[in-house]
Participant: 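Encoded as structure tokens, here's the structure I'll be asking about.
Labels below follow one simple rule: chain letters A, B, ... track the order of the sequence lines, proteins then strands, and each chain is numbered from 1. Reckoned from all heavy atoms, side chains included, excluding hydrogens, waters and symmetry mates.
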Number of protein chains: 2
Amino acid sequence: MNAPEALTELIAALRCLPGVGPRSAQRMTYHLLQHDRGGAARLARALDVALGRLTHCARCNNFSETELCARCASSQRDAGQLCIVETPADLNRVEQTHLYHGLYYCLMGRIAPLRGVGPKELQFDKLIARACDGQVREVILATNFTNEGETTAHFLAERLRAHGLAVSRIARGLPVGGELEHADTGTIAQAFQARQPVV
Amino acid sequence: MNAPEALTELIAALRCLPGVGPRSAQRMTYHLLQHDRGGAARLARALDVALGRLTHCARCNNFSETELCARCASSQRDAGQLCIVETPADLNRVEQTHLYHGLYYCLMGRIAPLRGVGPKELQFDKLIARACDGQVREVILATNFTNEGETTAHFLAERLRAHGLAVSRIARGLPVGGELEHADTGTIAQAFQARQPVV
């Protein structure tokens, strides 16, 4: 008296989503079949289209439907600045500041020795080749301030400087609206060390 | 400089899953495209197959690939008992006891006035017709002991008794391994009211 195969297979297939365990997968399956068949059909189509069309931009490594993504192909961006981020989501956050007009390189990850992700898995050679195109004046490291992001930044800084490139790191300090009372000690220490002259 | 359409569409389509907000949908999308393209392809296929094959069993209303599900079509089950549950997940839990050998009816929901779910939305007429097939001797209400599950049980009991059917409700009390010290007052009160003679 087993459940229909199409049902158990959908429950199993949903487990490929990060953070979805057996119970969530079951709940999602029943919800889709009972209340949102239209949504399920749309999702199936979107997955197919995304798998068929999306590859990585040859220059910035972000997802793209074309060989070069719109940003890398644009003449509006400053080819002298290259900002390195871990993920497309981080890239979007930087774009939302409307402050940076250079180009990007998306690592699609970070150095994580415990999970077996090193410079080779992240294709650092592709990044070095990209940074040494002769146009880049400054490389801005915008990886996260987590242990893994910091390790990645240190490692990249060394490699990039060895190729004669100017390398900078985005600033660490108190966030806008931040209060000393609620900031952690490490952040306050950093904010003191990186203090700027008032002009 | 918008993201590729196939990417934004997949992020939007994943929002049809219950409990998935914009951030989760983005994380899931990047994960699938970067680390699990095989899983994404499998999910797209599973959705298509499930949508194409699964309907509701004509007798028990549970998901089925055939007009009658394997359980309803079986001669091994006691057609004199009909257990009413809210969801296929609840049905599976009852089956796991290996104690019940009757048939089921799956409501695929519960009365929820605040969300506009009443007897009509739950197709109670279909259930009443099923229960009045002349074979059913006892209807066992196994809806949850939540407010909505209790309301559903009370409502159904009235309707079913009006058709001359014997109706019972699964017992409420302390769980196996339960300790009075940690049980809530309502549960202890119920356990006292429903006490059984020791033989």
Participant: With the 4.5 Å side-chain cut-off for hydrophobic clustering, are Val136(B) and Tyr105(B) part of the same group?
Facilitator: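 Same cluster.
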Participant: Are Gln34(A) and Phe63(B) packed together at the side-chain level, in the sense that at least one heavy-atom pair is separated by less than 4.5 angstrom?
Facilitator: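 Answer yes - side chains close enough.
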Participant: Is Asn147(A) atom CG crowded by more than 12 heavy atoms from other residues, nucleotides or ligands, each under 6.0 Å away?
Facilitator: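 It does not: Asn147(A) CG has 12 such atoms or fewer within range.
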Participant: Is Met108(B) reachable from Leu91(B) through a run of hydrophobic residues whose side-chain heavy atoms are each under 4.5 Å from the next?
Facilitator: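 Not linked; separate clusters.
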Participant: How long is the span from the CZ atom in Arg15(A) to the CG atom in Leu43(B), to the nearest 0.5 Å?
Facilitator: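 Reported value, rounded in 0.5 Å steps: 13.0 Å.
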Participant: Are Val167(B) and Ile140(B) linked, directly or through other ILVMFWY residues, by side chains that come within less than 4.5 angstrom of each other?
Facilitator: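 No, no single cluster joins them.
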Participant: Considering all heavy atoms of both residues, which atom of Ala6(B) and which atom of Glu65(A) are nearest to each other, and what is their separation?
Facilitator: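 Closest approach of Ala6(B) to Glu65(A), heavy atoms only: N-OE2, 2.7 Å.
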Participant: Can you confirm whether Glu5(B) is buried at CD, in the sense that more than 12 heavy atoms of other residues, nucleotides or ligands lie under 6.0 Å from that atom?
Facilitator: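 Counting other residues, nucleotides and ligands, CD of Glu5(B) stays at 12 neighbours or fewer.
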Participant: Does CD in Gln96(B) sit with more than 12 non-hydrogen atoms of other residues, nucleotides or ligands closer than 6.0 Å?
Facilitator: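 Counting neighbours around CD of Gln96(B), more than 12 heavy atoms of other residues, nucleotides or ligands fall under 6.0 Å, so yes.
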Participant: Hey, mind stepping through Leu10(A) and Leu54(B) against side-chain contact (heavy atoms from CB on, under 4.5 Å) and telling me if it holds?
Facilitator: CA-CA 11 Å; Leu10(A) 179 52; Leu54(B) 292 172; 6.0 Å; no
Participant: With a 4.5 Å cut-off on heavy-atom pairs, point out which of Thr87(B), Leu33(B), Leu32(B), Leu7(B) contacts chain A the most.
Facilitator: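 If we count pairs closer than 4.5 Å to chain A, Leu33(B) comes out on top.
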Participant: Under a single-linkage definition using a 4.5 Å side-chain heavy-atom cutoff for Ile, Leu, Val, Met, Phe, Trp and Tyr, are Phe124(A) and Val139(A) assigned to the same hydrophobic cluster?
Facilitator: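 Shared cluster, yes.
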Participant: Is the shortest side-chain heavy-atom distance between Val20(B) and Leu17(A) below 4.5 Å?
Facilitator: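 A side-chain contact under 4.5 Å is absent here.
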Participant: Spell out, as yes or no, whether a donor-acceptor pair under 3.5 Å connects the side chain of Gln26(B) to the backbone of Ala89(A).
Facilitator: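 No, because the side chain of Gln26(B) does not come within donor-acceptor range (under 3.5 Å) of the backbone of Ala89(A).
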Participant: Do you know which two heavy atoms are closest between Cys16(A) and Asp36(B), and how far apart they sit?
Facilitator: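 Reported closest heavy-atom pair: CB-OD2, 3.3 Å.
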Participant: Quick check for you: among Gly39(A), Gly109(A), Gly52(A), Ser24(A), which has the greatest number of heavy-atom pairs under 4.5 Å with chain B?
Facilitator: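 Between Gly39(A), Gly109(A), Gly52(A), Ser24(A), the count favours Gly39(A).
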Participant: Chain A heavy atoms under 4.5 Å from Asn92(B): which part of the residue, side chain, backbone, both or neither?
Facilitator: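 Contact with chain A is through the side chain of Asn92(B) alone.
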Participant: So, for Pro4(A) and Ser64(B), which heavy atoms are closest and what is the spacing to 0.1 Å?
Facilitator: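 Smallest interatomic distance, heavy atoms only, reads CG-CA, 3.9 Å.
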Participant: Hydrophobic clustering (ILVMFWY, side-chain heavy atoms < 4.5 Å, transitive) - are Leu103(A) and Val85(A) grouped together?
Facilitator: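 The answer is no; the residues belong to distinct hydrophobic clusters.
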